[in-house]
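For reference, the structure discussed in these notes is given below.
Keep in mind the model is a prediction, meaning the values are calculated, not measured.
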Amino acid sequence: MTHVLLVRLAAPLQSWGAVSRFSRRDTHSRPTKSAVVGLCAAALGRDRTDPVDDLAELFFGVRADHPGTPVRDYHSVGAGTYPLRPRDVITDHRRAAAVSAGLEAATGDSFGHHELADWYGAPKKIAADPVSGALVSGKLSRTALITERWYLSDAAFLVGLQHEDQGWLGEIAHALEHPKRLLWLGRKSCPPSGTLAVGVLSGTLAEVFAAQQLLPNPDPPASGRRPWAWVQTPAGAPGAAPVNDQPVSFDPARRLHTTRWETRTRVTIAPTAAGWKDLIL
């Protein structure tokens, strides 16, 4: 007999990065297994260097009750001018030389009002300076860094974690409602809203997804709508596709993921599907 812990992931913004880089932080169309395992590990109070084998072995599924709307956030970082601070001159002799004439000519209590063109911005190519030994940017002048970040707005997903040990799932459910660390939906700027753990039910992921009504939403869905669901399956199952989000380690020094398999299907909600009670939205 297997059991499924159902987790509600809803918030004004979510972001489930798949191939994010600094200049472009994307979001997947749905939560990834790696992110959900990390969420549970944080709730349990684990460090990044702790093993996650017991969480990674859970079979994972997600039903997109309300897929949300992609939102692009445009960022520009740095450029322009900004008054030099004492540490800017002390730690980088190149800045000190560039602004020395202005410093020598200054009188009175004027430090903090000296400016250096094109130096304000995020440092890049950081390395030890051969003269001072301090860590400095490889370039004194800095241009603006343009980045874009993608989110899902007003989305709500029903995640399922399947395992034979009902007690283990109950422990995870309790941790999600009483977390030992801060939780977020993909990024620190995306805290979850309302109830997370919504129950542990008997059955498989497919059976439980079909037996639960769609999550509540301010905009009621069209009658009879069949949401998409992605359900983890054993390798080689008919129609299964590979997904590279099976976590092996979250250790920053050796972060590693491997491949798992999943199928995508439309879920037909049963006429007798159970509703939702005592949800905090």
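Residues A197 and A173 come closest through the heavy atom pair CB-O, 3.6 Å. Nearest heavy atom pair, residue A56 against residue P247, reads CB-O, 3.6 Å. Across P31 and V62, no two heavy atoms sit closer than the pair CD-CG2, 3.8 Å. In terms of heavy-atom proximity, A64 sits nearest to P227 at O-CB, 3.5 Å. Shortest non-hydrogen contact noted between L279 and P216 is CD1-CD, 3.8 Å. Here the shortest heavy-atom pairing between P192 and A11 reads CA-CB, 4.3 Å.
Taken from CD in Q14 to OH in Y151, the straight-line distance is 12.5 Å, to the nearest 0.5 Å. Here L183 contributes atom CG and L176 contributes atom CG; the two are 7.0 Å apart, rounded to the nearest 0.5 Å. Atoms CG and CG, on D154 and N217 in that order, are 7.5 Å from each other to the nearest 0.5 Å. To the nearest 0.5 Å, atom CG of residue L44 and atom CD of residue E171 are 6.0 Å apart. Put simply, OG on S29 and CH2 on W230 are 5.0 Å apart, with the number rounded to the nearest 0.5 Å. Separation of atoms OG1 (T27) and CZ (R149) is listed at 13.5 Å; rounding is to 0.5 Å.
Side chain of T69 to main chain of S153: no donor-acceptor pair is present (N/O by atom type, distance under 3.5 Å, no hydrogens or angles). Side-chain N or O atoms of Q162 include one that pairs as donor or acceptor with a backbone N or O of L205 at under 3.5 Å. The backbone N or O of G203 sits less than 3.5 Å from a side-chain atom of T2, completing a donor-acceptor pair. With S15 contributing its side chain and R187 its backbone, the two residues share no donor-acceptor pair below 3.5 Å.
No continuous path of hydrophobic side-chain contacts links V248 to L39 [ILVMFWY only; heavy atoms under 4.5 Å]. Placement of V198 and L215 within a single hydrophobic cluster is found when ILVMFWY residues are connected by side-chain heavy-atom separations under 4.5 Å, directly or transitively. Residues L185 and V71 do not share a hydrophobic cluster, clusters being chains of Ile/Leu/Val/Met/Phe/Trp/Tyr side chains in contact below 4.5 Å. Both V37 and L196 belong to a single network of hydrophobic side chains, linked directly or stepwise wherever heavy atoms of I, L, V, M, F, W or Y lie under 4.5 Å apart. One hydrophobic cluster holds both L9 and V200 under the rule that ILVMFWY side chains link at heavy-atom gaps under 4.5 Å.
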Under the side-chain contact (heavy atoms from CB on, under 4.5 Å) rule, what do R181 and R46 come out as? Steps first, then yes or no, please. CA-CA 8 Å; R181 297 183 184 274; R46 298 187 183 180; 5.8 Å; no

Might you work through the side-chain contact (heavy atoms from CB on, under 4.5 Å) test for T32 and F60, ending with a clear yes or no? CA-CA 9 Å; T32 62; F60 170 81; over 6 Å; no

Please test H75 against D73 for side chain to side chain donor-acceptor pair (under 3.5 Å), starting from the C-alpha separation and ending with a verdict. CA-CA 7 Å; H75 281 248; D73 189 15; 3.1 Å; yes

Criterion salt bridge (Lys or Arg N to Asp or Glu O under 4.0 Å) on D65 and R225, from CA distance to verdict: CA-CA 9 Å; D65 287 12; R225 187 170 71 82; 5.9 Å; no

side-chain contact (heavy atoms from CB on, under 4.5 Å) between L214 and W276, intermediate numbers included: CA-CA 9 Å; L214 296 178; W276 300 102; 5.8 Å; no

Evaluate side-chain contact (heavy atoms from CB on, under 4.5 Å) for V36 paired with F157, printing each intermediate quantity in order. CA-CA 12 Å; V36 173; F157 299 96; over 6 Å; no

Full working for salt bridge (Lys or Arg N to Asp or Glu O under 4.0 Å) between R260 and E262: CA-CA 7 Å; R260 65 180 180 89; E262 69 178 13; 3.2 Å; yes

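Counting heavy atoms from C-beta outward, S202 and M1 have side chains that approach closer than 4.5 Å. A heavy-atom distance below 4.5 Å is not found between the side chains of L281 and S193. A heavy-atom distance below 4.5 Å is found between the side chains of P70 and W150. Contact annotation: the side chain of V208 approaches that of L6 to within less than 4.5 Å [non-hydrogen atoms, C-beta and beyond]. Inter-residue side-chain proximity for V243 and T259 is flagged as unmet; no heavy-atom pair is nearer than 4.5 Å. Contact check for W261 versus P234: no side-chain heavy atoms found under the 4.5 Å cut-off. Residues R63 and Q212 form a side-chain contact, since some pair of their non-hydrogen atoms from C-beta on lies under 4.5 Å apart. Residues W168 and H163 are in side-chain contact: their nearest non-hydrogen atoms beyond the backbone lie under 4.5 Å apart.
Ionic pairing of D26 and R72 is not present here: no N-O contact between side-chain nitrogen and carboxylate oxygen is shorter than 4.0 angstrom.
The closest side-chain donor-acceptor pair between R8 and T195, if any, does not fall under 3.5 angstrom.
When the shell of 6.0 Å around NE2 of H174 is examined, it contains 12 or fewer heavy atoms from other residues, nucleotides or ligands. Counting heavy atoms of neighbouring residues, nucleotides and ligands inside a 6.0 Å radius, atom CD of E164 does not exceed 12 of them.
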Side-chain donor-acceptor pairs under 3.5 Å in residues 249-258, sequence neighbours left out?
from: S249; atom 1: OG; to: D251; atom 2: N; distance (Å): 3.1
from: D251; atom 1: OD1; to: A253; atom 2: N; distance (Å): 3.0
from: H257; atom 1: NE2; to: S34; atom 2: OG; distance (Å): 2.7

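Taking the ring centre of W228 as origin, the terminal cationic atom of R264 falls inside the region bounded by 6.0 Å and 45° from the ring axis.
Here the rule is side chain to side chain contact (heavy atoms under 4.5 Å, CB included) with L5, and of L58, V159, I172 only I172 fits it.
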